[in-house]
Colleague: 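Quick one: structure below, then a few questions.
Every chain is numbered from 1 and lettered A, B, ... according to where its sequence line falls, protein lines coming before strand lines. If you're wondering where the values come from, they're calculated on a predicted model, not measured in any experiment.
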Number of protein chains: 2
Amino acid sequence: MNADELRGHMDALLLAVLEHGPLHGYAIIEALRERSGGALDVPTGTVYPALRRLERAGYLASEWAEAGGRRRRTYRLTGEGQAALAGERSAWRSFTAVIGSVLDPSR
Amino acid sequence: MNADELRGHMDALLLAVLEHGPLHGYAIIEALRERSGGALDVPTGTVYPALRRLERAGYLASEWAEAGGRRRRTYRLTGEGQAALAGERSAWRSFTAVIGSVLDPSR
DNA sequence: AAGCTACATGTAGACAGCCTATATATAGAA
DNA sequence: TTCTATATATAGGCTGTCTACATGTAGCTT
């Protein structure tokens with residue numbers, strides 16, 4: 001998966017993966033890898049700053065937790081985040097429609 | 001249309017729009033706007049450097065032409081460019097499948 | 001004649017997001 | 001003790017798209 005392609009869609013991915021329940025950063029990376037069948041292997045240097053950015057934006061809220069002697073920062077979707085996710089899904093649909101209209105004019 | 005979203009897909013758009021015949025830069029911008037129903041309005045500062053980059057890569061070839069007293073640089077797809085376009089189409093399909101698998105896990 | 005719009009190309013520099021590389025730390029297995 | 005998996009974090013680099021500007025022709029309006 002190309003880095004440039006992912007650009008602008010990272011937020012949608014992170015919000016979507018948190019939709020069904022809170023997760024910490026490391027688990028988010030694993031969830032993205034599993035859900036995509038191994039195609040998405042997002043580095044920590046991408047995910048952690050992005051999560052903080054989304055929290056600053058009010059879309060996520062986080063709290064520290066402890067599990068097996070290791071500290072985790074667990075993120076959950078806020079109400080604003082749910083709304084943002086809906087917006088991202090809508091934007092994704094129109095985005096694919098627009099690019100598709102150029103790449104596949106027949107359809 | 002967001003600038004970040006377009007990132008990594010510009011090449012595919014330019015190659016696709018040149019598939020059915022040569023065009024000059026200004027006409028390419030108009031073609032993208034028309035094909036997308038007005039959603040794509042790519043600035044010249046994006047298109048002209050991108051076309052040169054694609055030519056350097058061997059995917060496009062260009063030559064100067066004159067029409068109505070104005071000079072145009074007309075671009076056409078090379079053989080390599082056709083192959084690149086096929087690759088871009090394939091990449092687009094897997095890209096949408098991957099993002100879709102996260103955004104719409106049900107499908 | 002002057003001014004405006006459409007046509008047509010091009011570059012410099014800003015911006016922003018994703019990446020690599022690095023640092024730190026615990027737990028458990030080899 | 002060493003290696004791997006788990007877990008978080010930041011600094012700096014890279015690069016493609018954008019804004020803003022520069023240049024010039026043609027044709028229409030005032």
Colleague: Is B:L15 close to B:L60 at the side-chain level, that is, under 4.5 Å between some pair of heavy atoms?
Modeller: yes

Colleague: Passes side chain to side chain contact (heavy atoms under 4.5 Å, CB included), B:H9 versus B:W92? Steps please.
Modeller: CA-CA 8 Å; B:H9 304 288; B:W92 170 251; 3.8 Å; yes

Colleague: Expressed as a whole number of angstroms, how long is the span from B:R33:CZ to C:dA8:P?
Modeller: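 The answer, rounded to whole Å, is 12 Å.
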
Colleague: Looking only at side-chain atoms of A:M10, point me to the closest of D:dC18, C:dC18, C:dC19.
Modeller: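 Out of D:dC18, C:dC18, C:dC19, the nucleotide with an atom closest to A:M10's side chain is C:dC18.
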
Colleague: To the nearest Å, give me how far apart CD1 (A:I99) and P (D:dT17) are.
Modeller: 11 Å

Colleague: Is the number of heavy atoms from other residues, nucleotides or ligands under 6.0 Å of B:Y59 OH greater than 12?
Modeller: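 Open: at most 12 neighbouring heavy atoms sit under 6.0 Å from OH of B:Y59.
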
Colleague: Take atom CD1 of B:I29 and atom C1' of C:dG10, then tell me their distance rounded to the nearest Å.
Modeller: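 Distance, rounded to whole Å: 12 Å.
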
Colleague: So which protein N/O to nucleotides 4-6 of chain D N/O distances come out below 3.5 Å?
Modeller:
from: D:dT6; atom 1: OP2; to: A:Y26; atom 2: OH; distance (Å): 3.0
from: D:dT6; atom 1: O2; to: A:R70; atom 2: NE; distance (Å): 3.1

Colleague: Just how far, in rounded Å, is C1' of C:dA8 from CZ of B:R71?
Modeller: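 Checked: the CZ to C1' distance equals 8 Å.
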
Colleague: Does the side chain of B:V42 come within less than 4.5 Å of B:R33's, by heavy atoms?
Modeller: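 Of all side-chain heavy-atom pairs linking B:V42 with B:R33, none is under 4.5 Å.
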
Colleague: Please report the distance, rounded to the nearest Å, between CG in B:L60 and P in C:dT9.
Modeller: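 Checked: the CG to P distance equals 14 Å.
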
Colleague: Looking at B:R73, does any N or O in its side chain come under 4.0 Å of the phosphate oxygens OP1/OP2 on C:dG10?
Modeller: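 So the side-chain polar atoms of B:R73 do come within 4.0 Å of the phosphate oxygens OP1 or OP2 of C:dG10, strictly under.
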
Colleague: Rounded to the nearest angstrom, tell me the gap between atom CG in B:L14 and atom C1' in D:dG16.
Modeller: 12 Å

Colleague: Within less than 4.0 Å of OP1 or OP2 of D:dT8, is there a side-chain N or O belonging to A:Y48?
Modeller: yes

Colleague: Would A:L40 and A:R35 count as a side chain to side chain contact (heavy atoms under 4.5 Å, CB included) here? Give the steps.
Modeller: CA-CA 8 Å; A:L40 279 173; A:R35 277 225 232 178; over 6 Å; no

Colleague: Between C:dA8 atom P and B:L51 atom CG, what is the distance in whole Å?
Modeller: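 Checked: the CG to P distance equals 14 Å.
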
Colleague: If I take atom CD1 in residue A:I28 and atom C1' in nucleotide D:dT8, what distance separates them, rounded to the nearest angstrom?
Modeller: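 My rounded result for the distance is 12 Å.
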
Colleague: Please produce a list of atom pairs where a protein N or O lies less than 3.5 Å from an N or O of nucleotides 13-16 of chain C.
Modeller:
from: C:dA16; atom 1: N3; to: A:R7; atom 2: NH2; distance (Å): 2.8

Colleague: Is B:L14 close to B:Y75 at the side-chain level, that is, under 4.5 Å between some pair of heavy atoms?
Modeller: no

Colleague: Counting distance alone, no hydrogens or angles: does the base of D:dA9 have a donor or acceptor under 3.5 Å from a partner atom on the side chain of A:T44?
Modeller: yes

Colleague: Any side-chain heavy atom of B:L6 within less than 4.5 Å of one from B:M1?
Modeller: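 In contact.
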
Colleague: Below the 4.0 Å mark, does D:dA9 have OP1 or OP2 next to a side-chain nitrogen or oxygen of A:R52?
Modeller: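 Result: yes.
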
Colleague: Do the side-chain N and O atoms of B:T74 and B:E63 include a donor-acceptor pair separated by under 3.5 angstrom?
Modeller: no

Colleague: Would you call A:M10 and A:L32 a side-chain contact if the rule is heavy atoms closer than 4.5 Å?
Modeller: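 They are in side-chain contact.
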
